[in-house]
Every structure is written in structure tokens, then in C-alpha cells.
Number of protein chains: 2
Amino acid sequence: MIEIAAVTRTRDGHEVAQARSTTIKDVAAAAGVGIATVSRVFSGTGSVSAATRERVLAAARELDYRPSALGRGLKLRRSGGIGLIVPDVTDPFCAEVLAGVLACARTLGEHVIVDAAHGDPAREAEILDRLVEQRVDGVIALPAGEAADWRAAARVCSSVVFADRVLPGLPEIPSILADDAGGVRSLVEYLVGLGHRRVGFLGAAAPGGSPGVRERAFRGTLAQLGVPLDEDLVVAARPARDAAYAAAAGLLQRRADVTAVLAAGHLLGEAAVLVARELDLRVPADVSIAMVDDVAWAELCDPPLTAVARPARDIGYRACELLLRDRARRGRGGPVLLPTELVVRGSCAALRVSRSSGRSAGRPSPRHGL
Amino acid sequence: MIEIAAVTRTRDGHEVAQARSTTIKDVAAAAGVGIATVSRVFSGTGSVSAATRERVLAAARELDYRPSALGRGLKLRRSGGIGLIVPDVTDPFCAEVLAGVLACARTLGEHVIVDAAHGDPAREAEILDRLVEQRVDGVIALPAGEAADWRAAARVCSSVVFADRVLPGLPEIPSILADDAGGVRSLVEYLVGLGHRRVGFLGAAAPGGSPGVRERAFRGTLAQLGVPLDEDLVVAARPARDAAYAAAAGLLQRRADVTAVLAAGHLLGEAAVLVARELDLRVPADVSIAMVDDVAWAELCDPPLTAVARPARDIGYRACELLLRDRARRGRGGPVLLPTELVVRGSCAALRVSRSSGRSAGRPSPRHGL
DNA sequence: GTGAAAGCGCTAACAT
DNA sequence: ATGTTAGCGCTTTCAC
């Protein structure tokens with residue numbers, strides 16, 4: 001039942017009925033009990049006789065009563081929800097993390113406030129601020145920048161868990177990560193095993209400008225395998241489509257002698273595929289391409305792309321679990337590393353000593369035609 | 001400043017410091033003013049002298065004060081957030097809608113609670129319930145089912161706007177839709193214009209089993225163009241990868257004579273591409289493929305897929321706008337239709353009378369080899 | 001087992 | 001311009 005508390009007339013002469021939603025008080029009155037009893041029934045605390053419980057439930061149903069999370073939250077000083085900050089919800093990896101968080105939050109009865117920072121530290125801080133105002137029970141983030149903000153946040157209010165990536169200088173914040181180094185290593189080993197020696201690396205430019213785990217793993221594995229590395233085979237791009245494309249084009253045009261490209265992310269992989277097509281390079285006959293992140297289109301590509309699958313959904317799920325369930329265990333033993341998996345498809349071929357299309361192993365011949 | 005209110009020892013002997021966060025009261029005391037003044041400073045209501053405002057702000061900064069949305073929400077009887085219910089956050093279309101909603105909500109200072117119903121009406125109702133408990137200012141949904149739940153929700157609490165799709169029998173709920181009928185029509189006209197006469201239709205099975213806008217548009221346009229339609233060229237699949245694949249395989253194997261496939265969604269398009277590859281059908285030489293929804297991989301495909309782009313982000317943005325900004329204008333004039341755009345790429349070819357690979361125009365020859 | 005009462009942190013009259 | 005006060009809807013002692 002809806003009770004009309006007031007009918008106000010707005011400026012444009014439109015009538016608006018303001019329905020006061022039924023409260024615990026109404027239910028108590030209707031059931032002939034005290035409000036405490038109603039509270040006990042709905043919050044599951046304390047004990048109520050089966051008879052009264054039934055009466056209360058009936059009254060509540062009759063009045064269409066919904067307990068207000070606002071009232072409860074104020075009393076309990078927590079909202080019953082968590083916050084998730086990602087760079088971009090339309091990124092398939094982020095979306096998968098979100099799905100994992102949602103799945104876990106659901107089992108724990110929490111809701112999830114999501115927002116996208118788009119790599120902007122200021123925006124990220126803003127979102128974080130708002131989440132604190134909302135008194136979320138915790139926040140999960142794929143952080144973009146500004147360790148200071150996060151340090152403050154972790155101190156002042158709720159708990160924080162990083163997912164997929166960490167910020168330098170914040171070891172006290174627990175994190176769930178994919179074993180990116182392992183993933184890149186397996187990719188490099190695979191390519192080198194196929195005979196490739198001049199492998200281009202398309203990496204993401206870290207905010208700080210430091211190499212990043214993936215690049216370090218690339219260099220490290222190559223060194224370990226005794227493959228010398230030309231410095232200009234390593235390229236870093238901002239995490240945006242245009243930048244990725246530019247980086248891929250630059251690499252493949254400048255170094256016509258690369259026989260394989262390792263893209264350290266799906267955006268970079270996409271760029272590599274597009275550029276190769278534009279330059280009329282056959283994959284894998286002319287260049288082999290492999291990437292980190294086994295997104296949906298990897299299989300739709302022609303040829304399907306070899307990739308390292310990172311457990312995005314698990315990352316989200318476990319981050320949420322860590323945040324809400326294992327509060328005690330948190331922070332012990334450093335970041336949690338989840339394994340990756342090499343998915344071999346058709347985009348990488350064994351290197352033959354001499355190949356067609358003029359891409360001989362000798363000196364680089366600059367390419368044109370983009 | 002953080003004040004330690006209590007130090008409790010948990011069962012596992014772990015000490016936990018409970019910091020009582022600073023409230024409006026603390027700030028008032030520190031600034032030597034009444035709490036109402038502090039409230040006025042932070043809520044922007046009423047008037048405060050510049051001097052006191054400064055004092056308050058300074059005190060707040062000193063104490064690291066964050067206004068509690070819980071307290072404010074209780075008083076205002078609204079949370080300052082909205083809910084978004086999608087079938088699946090990892091679906092690129094849904095993700096894009098979400099991005100649009102986030103963008104708009106941000107400009108209006110609202111946060112967004114997201115959840116995925118996975119096409120399950122019961123789950124959807126559950127989520128809706130929770131959102132009502134949270135006292136969200138409104139709900140945007142890509143609804144799955146159960147008109148009754150939605151009718152109740154729209155009545156009892158906050159306002160509802162449907163996005164991308166509607167539920168039969170709920171004309172009173174405003175909606176923002178893509179012009180799917182127009183999109184399908186342009187696709188059919190394009191294919192028929194290329195000379196195709198036996199066009200297969202891969203559609204989504206509607207919950208109710210009714211044809212759906214896309215299928216009706218398909219049939220209608222064909223009829224309008226005077227192209228007869230074999231009933232078994234029209235296939236409906238549940239919105240899941242396996243079902244889509246099965247449907248596509250069934251269609252292409254059963255009807256070796258189809259010269260073009262219109263996939264009414266990106267999942268179905270994906271299935272068509274995969275099945276065509278599995279059956280060794282060259283695209284577009286043997287079959288032309290076109291789909292609704294211009295997702296990212298359409299361009300990465302080889303050949304790139306012709307598709308109808310639907311303005312997912314706009315849909316989200318405008319749904320949010322309609323929900324929060326244009327409350328008054330809402331519901332007038334029925335659903336808002338946003339235009340689609342045909343993006344022609346390389347996956348459809350003009351039909352020649354006789355083609356290679358034994359796919360003659362004559363009687364269907366059952367295919368094998370999946 | 002149940003009720004009365006005291007807040008949780010905030011805003012909005014209403015006074016001054 | 002600013003302080004006082006009364007709740008918003010709920011949980012939780014504390015009596016009974």
C-alpha cells in the first residue's frame with residue numbers, strides 16, 4: 001500500500017505525488033508489535049517467536065515494506081557495498097574483472113559501485129573520494145596513479161585491494177595479480193623455440209616511465225635464452241588505440257627484419273594485426289604475432305591469434321574475496337600471483353632460413369605503403 | 001586526524017583498531033560554529049560568510065572530514081546513486097551502455113550500482129529488490145523478463161527507464177532504443193541489392209517466443225522487396241555462445257544454398273564466422289555475412305565484417321539523462337529511437353549466377369565435416 | 001521473547 | 001549569518 005504524504009505542484013504546473021515509503025514503524029503498528037521486533041525479523045538478529053515473525057512478515061508484505069539500507073547503513077556505519085575503479089569498463093579485460101567482482105559480491109550480499117578513471121589520476125582520486133563518502137566497505141582498484149591518494153585512502157577509511165596491477169611504493173596494499181612475467185616468458189620461449197631471433201616487443205608505457213613487468217620479463221627471457229636484443233625492437237605506447245597503432249606501424253616499418261611481434265596487451269595485438277594487414281604482411285608467413293590477453297576476437301581473427309590467457313574473472317573474484325572475506329589474512333605474503341596459460345593458435349610459424357616476399361634475414365629494408 | 005574509539009581483540013587474537021570517522025559535529029566543534037553551519041558549507045545550501053566558511057573548511061581539512069552520504073541520504077531519503085541492470089557486463093554492447101551511463105551519471109554527480117542478471121528473471125527481480133533497498137534515485141535496465149516485477153518496481157519506488165529493449169505490456173515505462181528495425185532493413189536492402197535471394201536469418205529467441213523486432217523487420221523488408229522467404233531460413237537461438245553456434249551450424253549445413261547470412265547480433269555473427277570457417281566456406285565468395293552490432297572484432301576479422309552500428313554508448317547516456325534530468329518529460333511520446341548506421345566492409349559480395357566450390361544455386365546439398 | 005529508548009550523521013525549518 | 005532542534009529509518013542495549 002502506498003500512502004500519499006503530499007502532493008506538490010512544480011513550477012511547470014505538473015502534479016507530483018510524493019509517496020512516503022512504509023517504514024519499520026508502519027509495519028510494527030500494523031503487526032501490533034514494537035519496532036525492535038520488526039528489526040529483529042528483518043535483520044535476522046536476536047530471537048522472535050515463530051508466531052510473531054509470521055505476523056510481522058504478513059504485515060510487511062501487506063504494506064510492501066522494504067527495509068531502508070540508508071537507515072541501517074547509518075546505524076551500522078557501513079553501506080553494504082564496495083567500490084570498483086577500473087580504467088575503462090569497455091575494455092574486455094576490465095569487464096571480465098568486473099564480472100568476477102560481481103559474482104563474488106553477490107555471494108556475500110554486497111552491491112558494487114563501479115566507475116572508470118580512464119587513466120587519469122585526478123579522476124581516480126575523485127572517484128575514490130566519492131566512494132569514501134558512500135562509506136563503502138572497501139574498494140578494489142586497477143589503479144592508474146598517485147600513490148599518495150591511495151595511501152591516504154587506505155589509511156582513512158575502508159580497505160583497499162589492488163587488482164591486475166599495483167602502484168610502486170605501496171607494498172602495504174594487498175593485491176591479486178596475473179603472473180604476467182610468466183606469461184611473457186612462455187610467449188618468448190615459444191617464439192624463440194620456433195626459431196625467431198628478431199622479436200619485436202610492443203609494450204605499454206608505464207605512467208612512471210619505468211620498464212614494467214612485461215618488458216622486464218621479455219628482456220630477461222631473451223637474455224636467458226642467449227638471444228641478443230636490439231634496443232629499437234622494444235617499443236612502448238600509451239594505452240590507447242591510436243598510440244598502439246602508431247607504435248606497431250613504427251616498429252614494423254622501421255624494422256622490416258622482425259620475424260615476430262610480441263604484443264604485451266590486446267590493444268597492442270589489435271594494432272599489430274591491423275598494421276600487418278595494412279603492410280600486406282601475411283601472418284604467420286611473413287610475421288608471427290602473439291599477444292598477452294586472450295580476448296574474444298583472438299579466436300575470430302584469421303589466422304586465430306596465439307595468446308597468453310590471464311584469469312581476469314578470477315582476479316576480480318579473488319580480489320573481492322580478499323577484500324571482504326579474508327580481511328585478517330590480508331596483506332600477508334605480498335601479492336597473490338595467478339597463473340596464466342599459453343593458448344597456441346595459428347598466428348605463429350616456425351622460422352625458415354629464407355622466406356618469400358623479400359623479407360630475408362639480412363639487413364633491414366625499410367617498408368612503405370601505410 | 002584519526003581517533004581511536006575502541007580496540008577490540010578478535011577471536012584469532014588479532015587486534016583491530018576501530019577508528020570512528022570524524023563527523024560534522026567534530027568539525028563544528030573544531031571550527032567553533034554550529035553543526036548547521038558546517039552542513040551549509042558542505043551542502044552548498046543557505047549562506048555562510050566567507051570568513052566562517054574558510055574556518056570550517058580548514059577545520060574539515062585538518063580533521064580529514066568526509067561528509068557521510070549515509071547520513072545525508074537518510075535525511076534526504078535518496079542515496080544519490082542509480083542502479084543499472086544488464087544481462088552481462090562482459091558483453092561489449094552492455095559494456096558500452098554502461099560506459100554511457102557512467103559518463104552521464106558523472107556529470108550529474110550520481111554514482112552507479114551495476115549488476116548482471118544473466119537473463120534470469122528471478123535474479124533480475126532480486127537485484128531490483130536490492131536496488132530499492134538502497135533507495136537508488138532510479139533504475140536503468142536492459143530487462144530480461146517478468147513484466148510484473150517491473151510494474152511493481154516502477155510503482156513502488158524510484159523511476160525506471162528501459163534501455164536497448166523493452167518488455168511487452170509495459171508502455172508506461174520510458175525507453176531509449178536503437179532503431180533495430182531500421183538497421184535490419186538497411187542490411188536486408190544491402191544484401192538483396194547485391195543480388196542475394198536466399199538469405200538466412202540468425203535471430204535471438206525472445207523469452208516469450210514472439211518474433212521480435214529484428215525478425216519482423218527482416219521478414220517485412222524481404223516481403224517489401226518481393227523476395228520470397230523460405231521458413232527454414234529463419235533460425236532463433238538463445239543468447240549464448242553455444243546456442244548461437246548450434247543455430248549457425250544448423251542453418252549453414254541444412255541449407256547449403258544460402259548465399260548470405262544476416263546475424264541479428266554479435267554473438268550470432270561470431271557463430272556465423274566460426275561455422276563458415278569450419279565448413280571451409282570462403283567469405284564472401286561462398287557466403288556473405290553481415291550482422292547487427294558493430295563490435296570491435298568486426299574490423300579485425302578477415303575479411304572485416306559488414307555490420308550495423310547501434311549507438312550503445314548514446315543509449316546509456318540518454319537513458320541516464322532521461323532518468324535523472326528530464327523526469328518531467330519522461331514517458332511522453334513513447335520510446336526514443338536512436339538511428340543506426342550501416343558500416344560496409346568486406347564480408348558481403350555481389351552474387352554471381354554460378355559460383356565455384358559446388359555451391360550452385362540449385363537444390364541444397366547437405367554439408368558435412370563439422 | 002518483546003518493547004522502550006538512545007543514537008548513527010545529516011538537513012531543514014525555525015529562531016535569533 | 002548562524003545556532004538550536006527535530007527528525008530521516010534503522011539497530012541495539014537494557015529492562016521486563
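Residue numbering restarts at 1 for every chain, and letters A, B, ... go by the order of the sequence lines. When reading the values below, keep in mind they use all heavy atoms of this one structure, side chains included, and skip hydrogens, waters and symmetry mates. Please read all numbers here as calculations on a predicted model, not as lab measurements.
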> Under a 4.0 Å N-O cut-off, is there an ion pair linking B/D64 with B/R66?
Replying inline: yes

Nucleotide nearest [X] when distance is taken to its side chain, options [options]:
X     : options               : result
A/R72 : C/dG9, D/dC10, D/dT12 : D/dC10
A/T23 : D/dG9, D/dT2, C/dC10  : D/dG9
B/K75 : D/dT12, D/dA6, C/dT2  : D/dA6
B/R40 : C/dA13, C/dG9, C/dG7  : C/dA13

Using a heavy-atom cut-off of under 4.0 Å over every strand shown, decide if [X] touches base, sugar-phosphate, or nothing.
X     : answer
B/G32 : sugar-phosphate
A/L70 : nothing
A/G34 : sugar-phosphate
B/S68 : sugar-phosphate
B/S49 : sugar-phosphate
A/S39 : base
A/S47 : base
B/I35 : base

>> Has A/S79 got a side-chain atom pairing as donor or acceptor with A/R135's backbone, closer than 3.5 angstrom?
In response: yes

> Are the side chain of B/D120 and the backbone N or O of B/A117 linked by a donor-acceptor pair below 3.5 Å?
Replying inline: no

> Considering residues at least two apart in sequence or located in another chain, which fulfil the side-chain hydrogen bond (donor to acceptor under 3.5 Å, both in side chains) criterion with A/R318?
Replying inline: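 For A/R318 there are no side-chain hydrogen bond (donor to acceptor under 3.5 Å, both in side chains) partners, ignoring immediate neighbours.
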
> If you write DNA chain C from 5' to 3' in dot-bracket form, with Watson-Crick or G-U pairs under 3.5 Å, [ ] for crossing pairs and | for pairs with another strand, what do you get?
Replying inline: ||||||||||||||||

> Judged by modelled atom types alone, do B/R327 and B/S159 share a side-chain donor-acceptor pair under 3.5 Å?
Replying inline: yes

> Starting at CG of A/L76 and ending at P of C/dG7, how long is that distance when rounded to a whole Å?
Replying inline: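 My rounded result for the distance is 17 Å.
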
> Do the non-hydrogen side-chain atoms of B/P67 and B/I24 ever get within less than 4.5 Å of each other?
Replying inline: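 No, too far: nothing below the 4.5 Å cut-off.
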
>> Looking at B/T37, I'd like to know whether one of its side-chain N or O atoms comes within less than 4.0 Å of OP1 or OP2 on D/dT2.
In response: no

>> Taking ring pair (Phe, Tyr, Trp, His ring centres under 6.0 Å) as the cut-off, I'd like each qualifying pair that reaches into residues 25-81 of chain B, sequence neighbours left out, listed once.
In response: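 The answer is B/F42-B/Y65.
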
